[in-house]
There are 2 protein chains.
Amino acid sequence: MRLSELSERSGVSVHSIKFYLREGLLPPGERKSARLSEYDEQHLRRLRLIRAMLTVGGLSLTQARDVLAVAEDPAFGRTERIGAAQYLLPPHIQPPEDEVARREWDQTRAQLAEMLHGLTWRFDDSSPSLDSLTKAVLALRSLGYGDADLLRQYAELVRQLAAAEYGGAIHPLTDLDKAMEGVIVYTLLAEPVLLALRRLAHEDTARRLHDGE
Amino acid sequence: MRLSELSERSGVSVHSIKFYLREGLLPPGERKSARLSEYDEQHLRRLRLIRAMLTVGGLSLTQARDVLAVAEDPAFGRTERIGAAQYLLPPHIQPPEDEVARREWDQTRAQLAEMLHGLTWRFDDSSPSLDSLTKAVLALRSLGYGDADLLRQYAELVRQLAAAEYGGAIHPLTDLDKAMEGVIVYTLLAEPVLLALRRLAHEDTARRLHDGE
């Protein structure tokens, strides 16, 4: 299809598509003449993925490009590529600079890693998600919440979720492109789905408990 | 305690505390003289909550003030206050302006509400979380993901989570202040905990599935 049709079918303006082509987020079409290139369904799919990363995922252009670049880097194996892409996705939390706060941070981070490894979770301790977890747990604990029992309960339920998502939906995708897309989609785009459902579930639970109030 | 001690114990600068007092986020201390006010443990707790809302929750000052104001408005009953506070928490998604996109939006939103009500979930259809859900599901579907089975699976697991959080941790808090705090904490601060755990669980699941690759 031509650029105009690609624009129409994706709902992305010709201007934006040209920008993504220039910035290397979208691979070039097949050149038919000096002024004409041909695009296919892969371009359409990639375009939708880019839009989803930028709008729903809230990634910057640079972040989106980096994630797509590592996904296509032939120097890495399949698992490495998928892992690298996940690690590149925001947020990336910096530990505190203050010495006392840093000690508490390091201690909490090590405790959390130990707790999860104790539940037989396997992950690299350099994971940026361990930093996000540390920051959030420290904030919870500063207000007297976030005890170990609740965390274990969260971990148990979230693991069931991940097994359903990863095992059922991502792993069977033998096509690396699709598997990468799956990781990006399930990591980034499914997050607001879960959070929105959780708030609705809170309202439902509250109504049941306060019924007749 | 004096302002300086409040600052020391909370880790929030005197300058910021004065700002929160001026902006009405923090109630005034007990006035001892023209230049001296006395603060108590309630102030310390509130200060920690404000900081958590701003830094971990990512709320703006205005948003934080609105949430705290509705929480303290005696014109509403307990359940209403808690619900209103939850509805005020970001994100707030606007439906698309384009007419065709808007029709798809309305249709999807109605379908999602129907699906959840069909699972006996009780919530008000004006909930902003239903907008967030609609946006995220539309993005997933534009890439060919987000089928109804997965959504139902998510809903089931998330409901278990909400029951554990709300039933076990928020409902027993008979003190309204603590219950409000619980809602803010569990809605806002527990979200990054869940998301971080989920990414670690994805890595764990991937490692198990790809073992020996």
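Only heavy atoms go into these numbers, but all of them, side chains included; no hydrogens, no water, no symmetry mates. A note on names: the letters A, B, ... follow the listed sequences, proteins ahead of strands, and every chain is numbered from 1.
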Study note, to complete from the structure: Closest heavy-atom pair, A:Glu203 versus B:Gln86, reported as atoms and distance to 0.1 Å, is N-NE2, 4.2 Å
Check your understanding: What part of A:Thr187 is in contact with chain B, defined as an atom under 4.5 angstrom from a non-hydrogen atom: side chain, backbone, both or neither?
Key -> both
Review point. Is chain B contacted by the side chain of A:Thr120, its backbone, both, or neither, given a heavy-atom distance below 4.5 Å?
Key: both
Practice item. Tell me, out of B:Gly11, B:Gly144, B:Pro90, who's got the most heavy-atom pairs with chain A below 4.5 Å. Key: B:Pro90
**Study point:** Rounded distance [0.5 Å steps], CZ in B:Arg198 versus OH in A:Tyr154
**Key:** 15.0 Å
**Study point:** Sidechain-backbone polar pair: B:Gln160 side chain, A:Leu157 backbone, donor-acceptor under 3.5 Å
**Key:** no
Exercise for review: Please state whether the side chain, the backbone, both or neither of B:Leu112 comes within less than 4.5 Å of a heavy atom of chain A.
Suggested key: neither
**Study point:** Side chain proximity check, B:Lys135 to A:Pro192, heavy atoms < 4.5 angstrom
**Key:** no
Check your understanding: Do any N or O atoms from the side chain of B:Asp204 and from the backbone of A:Arg122 form a donor-acceptor pair under 3.5 angstrom?
Key -> yes
Practice item. Using a cut-off of under 4.5 Å on heavy-atom pairs, state which of B:Asp131, B:Val137, B:Leu49, B:Leu44 scores highest against chain A. Key: B:Leu49
**Study point:** Separation of B:Trp121 CH2 from A:Arg208 CZ (nearest 0.5 Å)
**Key:** 10.0 Å
Practice item. Please determine which of B:Leu195, B:Leu194, B:Leu197 meets the side chain to side chain contact (heavy atoms under 4.5 Å, CB included) test together with A:Leu133. Key: B:Leu197
Review point. Counting heavy-atom pairs under 4.5 Å to chain A, which of B:Arg199, B:Arg51, B:Arg48 comes out on top?
Key: B:Arg199
Exercise for review: For A:Thr205 and B:Ala162, work out which heavy atoms get closest and say how close.
Suggested key: OG1-CB, 3.7 Å
**Study point:** Residue pair B:His202, A:Phe123: steps toward the side chain to side chain contact (heavy atoms under 4.5 Å, CB included) verdict
**Key:** CA-CA 9 Å; B:His202 274 177; A:Phe123 55 84; over 6 Å; no
Point to revise | Considering all heavy atoms, the nearest B:Ala196-A:Ser129 contact | key: CB-O, 3.4 Å
Point to revise | Largest heavy-atom contact set with chain A, pairs under 4.5 Å, which of B:Leu151, B:Leu138, B:Asp124 | key: B:Asp124
**Study point:** Neighbour count above 12 (heavy atom, 6.0 Å) for B:Glu23 CD
**Key:** yes
**Study point:** Within 6.0 angstrom of B:Glu114 CD, more than 12 heavy atoms from elsewhere
**Key:** no
Exercise for review: Against chain B, label A:Ile93 side chain, backbone, both or neither, depending on which of its atoms sit under 4.5 Å from a heavy atom there.
Suggested key: neither
Study note, to complete from the structure: Checking A:Leu140, A:Thr134, A:Leu150, A:Val158 against B:Val193 for side chain to side chain contact (heavy atoms under 4.5 Å, CB included), the one that qualifies is A:Leu140
Check your understanding: Given the options A:Leu161, A:Leu130, A:Leu89, which has more heavy-atom pairs under 4.5 Å with chain B than any of the others?
Key -> A:Leu161
**Study point:** Heavy-atom contact with chain B under 4.5 Å, split by part of A:Asp98
**Key:** neither
